[in-house]
Amino acid sequence: MFRFLFILLLLLSGCSNSDLQSVKFISSTEFTELSDDFELIDVRTKSEYESGFIERGLNIDFFSDTFDSDVLSLNKNSKIILYCRTNNRSTKTANLLKRNGFKDISVLEGGITDWVKNGNDIVYPKLD
């Protein structure tokens with residue numbers, strides 16, 4: 001019984017580590033040095049997005065009913081950079097995209113939390 005549990009634990013931990021290893025993380029410094037040839041996707045909720053977002057960020061709410069179809073409708077040939085609050089939702093999204101044939105996917109390391117902590121600016125939606 002102990003051997004079975006050990007093997008199961010080993011397999012489960014191996015799966016989560018391989019997901020993290022397959023995701024490319026970029027720092028806020030690397031992000032600011034990029035050319036404009038990418039799509040920036042904010043996978044936070046609408047209310048999180050409205051509290052401030054990174055310029056050019058397109059909001060696709062991770063918890064919306066249409067999330068999978070919305071995010072999978074992005075151009076598979078585009079460079080896509082994802083962010084959320086800390087990396088949890090953006091990493092899961094990166095793995096979803098990779099499993100569906102997207103090639104050039106990166107996650108902003110530390111999410112918007114580290115972005116702001118490192119002194120970078122955020123923008124706010126325009127009020128009508």
Side-chain angles (χ1 to χ4, degrees):
M1 179 68 170
F2 177 76
R3 187 179 303 170
F4 172 76
L5 290 173
F6 177 75
I7 292 170
L8 181 62
L9 181 62
L10 185 62
L11 288 172
L12 291 174
S13 67
C15 291
S16 63
N17 286 339
S18 66
D19 279 350
L20 286 177
Q21 290 172 354
S22 69
V23 173
K24 178 182 171 189
F25 290 92
I26 61 170
S27 69
S28 56
T29 302
E30 290 171 308
F31 176 77
T32 58
E33 294 171 355
L34 292 174
S35 67
D36 289 340
D37 190 24
F38 61 86
E39 291 185 60
L40 180 62
I41 309 299
D42 181 329
V43 296
R44 297 175 302 150
T45 64
K46 182 179 178 186
S47 63
E48 287 175 304
Y49 181 81
E50 290 173 347
S51 71
F53 58 93
I54 299 172
E55 189 172 8
R56 292 186 50 211
L58 169 67
N59 183 229
I60 302 177
D61 184 344
F62 185 84
F63 296 112
S64 76
D65 293 338
T66 60
F67 177 74
D68 285 0
S69 62
D70 291 344
V71 78
L72 292 175
S73 71
L74 295 169
N75 184 344
K76 286 186 179 187
N77 298 315
S78 292
K79 176 180 184 66
I80 297 175
I81 301 174
L82 303 160
Y83 76 94
C84 60
R85 189 173 51 87
T86 58
N87 278 358
N88 186 29
R89 291 170 278 181
S90 52
T91 300
K92 289 177 182 176
T93 303
N95 285 316
L96 171 69
L97 292 173
K98 284 182 170 278
R99 285 191 306 271
N100 283 278
F102 289 76
K103 303 287 185 229
D104 196 353
I105 309 298
S106 299
V107 172
L108 183 60
E109 192 170 16
I112 198 165
T113 301
D114 279 1
W115 176 261
V116 171
K117 189 165 93 174
N118 291 330
N120 296 294
D121 292 332
I122 57 174
V123 294
Y124 302 91
K126 295 190 182 350
L127 299 175
D128 294 330

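For clarity, every value in this text was computed on a predicted model and none was experimentally measured. When a residue number appears, it is its place in the shown sequence, counting from 1.
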_Side-chain (K79) to main-chain (S106) donor-acceptor, under 3.5 angstrom_ = no
*Expected output: side-chain D104 to main-chain N77 donor-acceptor under 3.5 Å*: no
_Rounded distance (nearest 0.5 Å) linking atom CG of D42 with atom CD1 of I81_ = 13.0 Å
*Over 12 foreign heavy atoms within 6.0 Å of NZ, K92*: no
*State the CD1-CG distance between I80 and N75, to the nearest 0.5 angstrom.*
7.5 Å
*asked:* With rounding to the nearest 0.5 angstrom, report the NZ to OG distance, K46 to S64.
replied: 12.0 Å
_If we ignore hydrogens and angles and just use 3.5 Å, is the side chain of R56 paired with the main-chain N or O of D36 as donor and acceptor?_
yes
*Do any N or O atoms from the side chain of T45 and from the backbone of D61 form a donor-acceptor pair under 3.5 angstrom?*
no
*So, for V123 and I54, which heavy atoms are closest and what is the spacing to 0.1 Å?*
CG2-C, 4.3 Å
_Quick check against the 3.5 Å criterion: does N118 have a side-chain atom that pairs as donor or acceptor with the backbone of N120?_
no
_Between CD on residue E33 and OG on residue S28, distance to nearest 0.5 Å_ = 9.5 Å
*Distance-only, no hydrogens or angles: does the Y49 side chain make a donor-acceptor pair with backbone N or O of G57 under 3.5 Å?*
yes
_Shortest non-hydrogen contact from A94 toward I105_ = CB-CG2, 3.6 Å
_Quick check: do I41 and T93 have side-chain heavy atoms less than 4.5 Å from each other?_
no
*Is it true that atom CG of D65 has more than 12 heavy atoms of other residues, nucleotides or ligands lying nearer than 6.0 Å?*
no
*Of the non-hydrogen atoms in E39 and L74, which two are nearest, and what is the gap between them?*
OE1-CD2, 3.4 Å
*Output the distance between atom CG (L82) and atom CZ (F102), rounded to the nearest 0.5 Å.*
10.0 Å
*Euclidean distance, S90 OG relative to I112 CD1, rounded to 0.5 Å*: 11.5 Å
*Please determine if R89 forms a cation-pi arrangement with F63, meaning its NZ or CZ atom is less than 6.0 Å from the six-membered ring centre and no more than 45° off the ring axis.*
no
*asked:* Count I, L, V, M, F, W, Y as connected when their side-chain heavy atoms are under 4.5 Å apart, and connections chain through other members. Are L58 and V43 then in the same cluster?
replied: yes
*asked:* Applying a strict under-4.5 Å side-chain criterion to I, L, V, M, F, W and Y, I'd like to know whether I122 and L108 cluster together.
replied: yes
_Main chain of D121, side chain of W115: is a donor-acceptor contact present, judged purely on distance under 3.5 Å?_
yes
*Looking only at non-hydrogen atoms, find the nearest pair between F62 and F67 and report the distance.*
CA-CD1, 3.4 Å
*Which atom of R44 lies closest to which atom of S51, heavy atoms considered*: NH1-OG, 4.3 Å
*With a 3.5 Å cut-off and no angle check, do the side chains of N87 and T91 form a donor-acceptor pair?*
no
*Hydrophobic cluster identity match, I26 and F53, side-chain contacts under 4.5 Å*: yes
